Structures are given as C-alpha cells and as structure tokens.
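Bear in mind the structure is a predicted one, so any value in this text is a computation, not a measurement. Index from 1, following the sequence. Any value given below was found using the heavy atoms of this structure, including those in side chains, with hydrogens, waters and symmetry copies removed.
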Amino acid sequence: MWKLDFISEEDFRNHVCSTIEKYGEKLESFDLKRFNKNLVDPIKLIFDKTVYQSSWEEIVSNEIFRQRDKSNNNDIGYFHQRMFQYIENCRVPDNGKDGGWDVIYENENGIEIPGAGNVHTVYVEMKNKHNTMNSASAGKTFIKMQNQLLKDDDCACFLVEAIAQHSQNIKWETTVDKQKVGHKLIRRVSIDQFYALVTGQGDAFYQMCMILPEVIQKAVDTLGNSIVPNDTVIDELKTIAAQKHMESDDLAIAMAVYMLGFGGYKGF
C-alpha cells in the first residue's frame, strides 16, 4: 500500500528514476585517463593510503568516489526542487522563467506566515545546505526577495534549505552592504517545514525519507547494468606497476601513482 498522500507512487518512482539518470556521465566507468583528467595528487594518495592503513584498491576507489561526488550535489538539488512539481498548488518554473525562482507555491485559501499574517504566494530559493552561500551570494538573494516583495505585496519569499541547522521557519537576517537586514516576509525555512506547509502534513518530509531507500533500490534494479560502472583504474595501475620491476609490489604501484602527476619531472 502506497503511504504518501501528497504524491502518487508512479510520480515518485518516475522522479527517482529521473534523478538517477541525471547522474549521467558520472556513472560512466573510470579508466586511468579519466581518473587523472584533472591530475590527481600522488602525494596525498600516498599519505592517505598509509595513514588510514588502506589498500590501493580502497584508496583508488575512494578517489573515484570523490571525483564523482563533486558534482552529484547538483543532481540531489534537482531531486529536492523538481519534487514539488508533483505537489498540489506548487509549480517549478523552467530555468530563467517566472523570475528564476526554484519553486512557486500558491494557495487561494491563504498561506499563514508566522508573525506576518497571510499571503497567497510563496516564492522559493532552494539550497542543498545551509552553509553553501557566501555573504555576496546571500546578499544578492536577499535583494532579489526584497524586489519581489516590492512588486507583489501579497507574497512571501523563502530560502528553503535541505540540510539546515535546525527545523525552522524564521525571519531571515543577513548582511547587505555591511548592514544587517531582515524582513518578516523573507524567511529561512528548513525543508521539513516547507513540506509541512505545502502538504498540510506535519511529518511529510519524514514520510518521504522513510520510503525513499526502497524506491531508489527498485529504480536501480530496474535500470540494471546500464548504471553499474566498470572502473579499470586499479587494474591499469597494476599493469604499469608490473613493468617497473621495483623491490616490492606496493612501491611499484606507488611509482605508477607518482607517474600520474610527476611523469614529466626530473628523476621520474
């Protein structure tokens, strides 16, 4: 029995599949050339392997994971944002449309804003994590929200954070041109509170999280081998190491790793 009231099983499953497919080229296999595309740091790999008492297989696997993970946050941002296209009274504008907002929530019955009365529209900027904006970016976002309030006196603007420090729906205070600013209709909201607002269900985000692992697993099973990478980096390093004729296999692989960054240096 499907447990989420605010989104259908088919829509949620399709959304999860779309998010996985967004991983795109990051799911492609890593060979040695791709592994070293931006020049790995051999010294760091040597330190990490030794200090953490890891094998070469583990260190190489961790580095591949790190490289893949660098851009995965954008894909998870897609998951959080596009989820709301399936929720009643919410829409997700195309890039650059409708003021460039990530989500717009409209309710003809009114939307209660703590300490600020009711409005009929909420404009949302979404962030994956609370500390991803520097002061310049925060100031620019706040000014955008101020301008929206000037154009529409029946709205509020939310900075919605997927990973917030607390569950919250509070007045957002930040610094613009070295001055502390804030407005009761410009708010900093954790994603659980935003889910609660738009669905009318206090634990909606929790319920989504509880069913998410199962749906992801089913989606991965359905997509099958098309998303399973076949990384060859460690095998290629071992092939190079075998040609080095060093006094130990470990040192031979270390030399192969050194060659990734230092192959043109004197002595190498």
Query raised in the report: So, for L251 and E247, which heavy atoms are closest and what is the spacing to 0.1 Å?
Result: CD2-CG, 4.0 Å

Query raised in the report: Any side-chain heavy-atom pair from I20 and V220 closer than 4.5 angstrom?
Result: yes

Query raised in the report: What do the steps show when you test T232 against F30 for side chain to side chain contact (heavy atoms under 4.5 Å, CB included), and what is the final call?
Result: CA-CA 6 Å; T232 61; F30 266 74; over 6 Å; no

Query raised in the report: Between W56 and L237, is a side chain to side chain contact (heavy atoms under 4.5 Å, CB included) present by the stated rule, with each step listed?
Result: CA-CA 10 Å; W56 280 113; L237 286 173; 5.9 Å; no

Query raised in the report: Quick one: are F79 and N128 in side-chain contact, heavy atoms under 4.5 Å?
Result: no

Query raised in the report: Parallel, tilted or perpendicular: which fits the ring planes of F12 and W2, with parallel below 30° and perpendicular above 60°?
Result: tilted

Query raised in the report: Going by heavy atoms in the side chains, are T175 and S135 under 4.5 Å from each other?
Result: no

Report task. Carefully, step by step, assess I253 and D249 under the rule side chain to side chain contact (heavy atoms under 4.5 Å, CB included). Result -> CA-CA 6 Å; I253 296 180; D249 291 341; 5.5 Å; no

Query raised in the report: R188 and E161: salt bridge (charged side-chain N to carboxylate O under 4.0 Å, His left out), yes or no, with the steps?
Result: CA-CA 8 Å; R188 191 171 181 178; E161 298 165 324; 3.0 Å; yes

Report task. Could you give me the CA-CA distance, side-chain angles and deciding distance for K140 and V176, then say whether side chain to side chain contact (heavy atoms under 4.5 Å, CB included) is met? Result -> CA-CA 8 Å; K140 184 178 179 180; V176 176; over 6 Å; no

**Report entry** pair L149-C155: side-chain heavy atoms closer than 4.5 Å
**Finding:** yes

Query raised in the report: Do L212 and Y195 share a hydrophobic cluster, counting only Ile, Leu, Val, Met, Phe, Trp and Tyr and linking them when any side-chain heavy atoms are less than 4.5 Å apart?
Result: yes

Query raised in the report: Distance only, no hydrogens: is a donor on one side chain within 3.5 Å (strictly under) of an acceptor on the other, for S167 and D192?
Result: yes

Query raised in the report: For M145, which of N147, T141, I143 qualifies under side-chain contact (heavy atoms from CB on, under 4.5 Å)?
Result: T141

Query - Distance, nearest 0.5 Å, that separates CZ of R34 from CD1 of I64 - result: 9.0 Å

**Report entry** Stepwise ring-ring contact (aromatic ring centres under 6.0 Å, His included) test for Y78 and Y23
**Finding:** CA-CA 10 Å; Y78 169 92; Y23 276 49; over 10 Å; no

Report task. Kindly check if the number of other-residue, nucleotide or ligand heavy atoms within 6.0 Å of CD (Q168) is above 12? Result -> yes

Query raised in the report: Which value, rounded to the nearest 0.5 Å, describes the distance between H15 atom NE2 and R82 atom CZ?
Result: 8.5 Å

Report task. Check which hydrophobic residues are tied to M1 through side-chain heavy-atom contacts below 4.5 Å, counting indirect links as well, and list them. Result -> none

**Report entry** Heavy-atom side-chain contact between M255 and I240 under 4.5 Å
**Finding:** no

Result block: side-chain N/O donor-acceptor pairs under 3.5 angstrom for residues 36-49, not counting sequence neighbours:
{"residue": "N36", "atom": "OD1", "partner": "V40", "partner atom": "N", "Å": "2.9"}
{"residue": "N36", "atom": "ND2", "partner": "L260", "partner atom": "O", "Å": "2.8"}
{"residue": "D41", "atom": "OD1", "partner": "I43", "partner atom": "N", "Å": "3.1"}
{"residue": "D41", "atom": "OD1", "partner": "K44", "partner atom": "N", "Å": "3.3"}
{"residue": "K44", "atom": "NZ", "partner": "D48", "partner atom": "OD2", "Å": "2.6"}
{"residue": "K49", "atom": "NZ", "partner": "D250", "partner atom": "OD1", "Å": "3.1"}

Query raised in the report: Any idea how Y265 and F268 line up, ring-wise: parallel (<30°), tilted (30 to 60°), or perpendicular (>60°)?
Result: perpendicular

**Report entry** Presence of salt bridge, R13 and E214, under 4.0 angstrom
**Finding:** no

Report task. Give the cluster check for V51 versus Y258: same hydrophobic cluster or not, with ILVMFWY residues linked at side-chain heavy-atom distances below 4.5 Å. Result -> yes

Query - Backbone of M126 reached by a side-chain donor or acceptor of D102 within 3.5 Å - result: yes

Requested in this report: Show your reasoning for whether side-chain hydrogen bond (donor to acceptor under 3.5 Å, both in side chains) applies to S8 and D11.
Outcome: CA-CA 5 Å; S8 71; D11 284 343; 3.2 Å; yes

Query raised in the report: For the hydrophobic clusters of this structure (ILVMFWY residues joined by side-chain heavy atoms under 4.5 Å, transitively), does one cluster hold both I211 and I216?
Result: yes

Table please: side-chain donor-acceptor pairs of residues 113-125 below 3.5 Å, with sequence neighbours left out.
{"residue": "N118", "atom": "OD1", "partner": "E112", "partner atom": "N", "Å": "3.3"}
{"residue": "H120", "atom": "ND1", "partner": "D154", "partner atom": "OD1", "Å": "3.3"}
{"residue": "H120", "atom": "ND1", "partner": "D154", "partner atom": "OD2", "Å": "2.9"}
{"residue": "H120", "atom": "NE2", "partner": "E108", "partner atom": "O", "Å": "3.4"}
{"residue": "E125", "atom": "OE2", "partner": "K144", "partner atom": "NZ", "Å": "2.6"}

Query raised in the report: So do V60 and F35 actually touch side chain to side chain, heavy atoms under 4.5 Å?
Result: yes

Requested in this report: Looking only at non-hydrogen atoms, find the nearest pair between V189 and F194 and report the distance.
Outcome: CG1-N, 3.8 Å

**Report entry** Minimum heavy-atom distance between Q85 and V92, given as atom pair plus value
**Finding:** N-CG2, 3.6 Å

Requested in this report: Rounded to the nearest 0.5 Å, what's the gap from CD on E28 to CG on D231? Could you check?
Outcome: 11.0 Å

Requested in this report: Output the distance between atom OG1 (T19) and atom CD (E21), rounded to the nearest 0.5 Å.
Outcome: 9.0 Å

**Report entry** Heavy-atom donor-acceptor pair, N134 side chain to S137 backbone, under 3.5 Å
**Finding:** yes

Query raised in the report: Salt bridge or not for K171 and E173, using N-O below 4.0 Å?
Result: yes

Report task. Kindly work out whether a path of hydrophobic side-chain contacts (I/L/V/M/F/W/Y, heavy atoms less than 4.5 Å apart) joins L223 to V16. Result -> yes

Query raised in the report: Given E106 and R91, is the salt bridge (charged side-chain N to carboxylate O under 4.0 Å, His left out) satisfied, shown in steps?
Result: CA-CA 9 Å; E106 299 169 294; R91 56 190 173 94; 3.2 Å; yes

**Report entry** Heavy-atom neighbours of D177 CG exceed 12 at 6.0 Å
**Finding:** no

Query - Side chains of Q67 and D69, donor plus acceptor under 3.5 Å - result: no

Query raised in the report: Rounded to the nearest 0.5 Å, what separation is found between the CG atom of N169 and the CZ atom of R187?
Result: 4.5 Å

**Report entry** CA sep, side-chain torsions, deciding dist, call: F158, Y105, ring-ring contact (aromatic ring centres under 6.0 Å, His included)
**Finding:** CA-CA 10 Å; F158 286 5; Y105 170 49; 8.6 Å; no

Query raised in the report: Is there a side-chain contact between L185 and C157, using heavy atoms and a 4.5 Å cut-off?
Result: no

Report task. Kindly compute the distance separating NZ (K127) from CD1 (I191), expressed to the nearest 0.5 Å. Result -> 13.5 Å

**Report entry** Close side-chain approach of E63 to I59, heavy-atom, < 4.5 Å
**Finding:** no

Query raised in the report: Between A241 and A256, what is the shortest heavy-atom contact and its length?
Result: N-CB, 4.2 Å

Query raised in the report: With a distance cut-off below 6.0 Å to the six-membered ring centre and an angular limit of 45° from the axis, does R68 pair with F65 as a cation-pi contact?
Result: no

Query raised in the report: If two hydrophobic side chains count as joined below 4.5 Å and joins carry through other members, does V181 share a cluster with I170?
Result: no

Query raised in the report: Hey, is the main chain of T50 close enough, under 3.5 Å, to the side chain of S54 for a donor-acceptor pair?
Result: no

Report task. Return yes when atom CG of D221 has more than 12 non-hydrogen atoms of other residues, nucleotides or ligands closer than 6.0 Å, and no otherwise. Result -> yes

Report task. Measure up the H80 and F205 rings against each other and bin them: parallel (under 30°), tilted (30 to 60°), perpendicular (over 60°). Result -> tilted

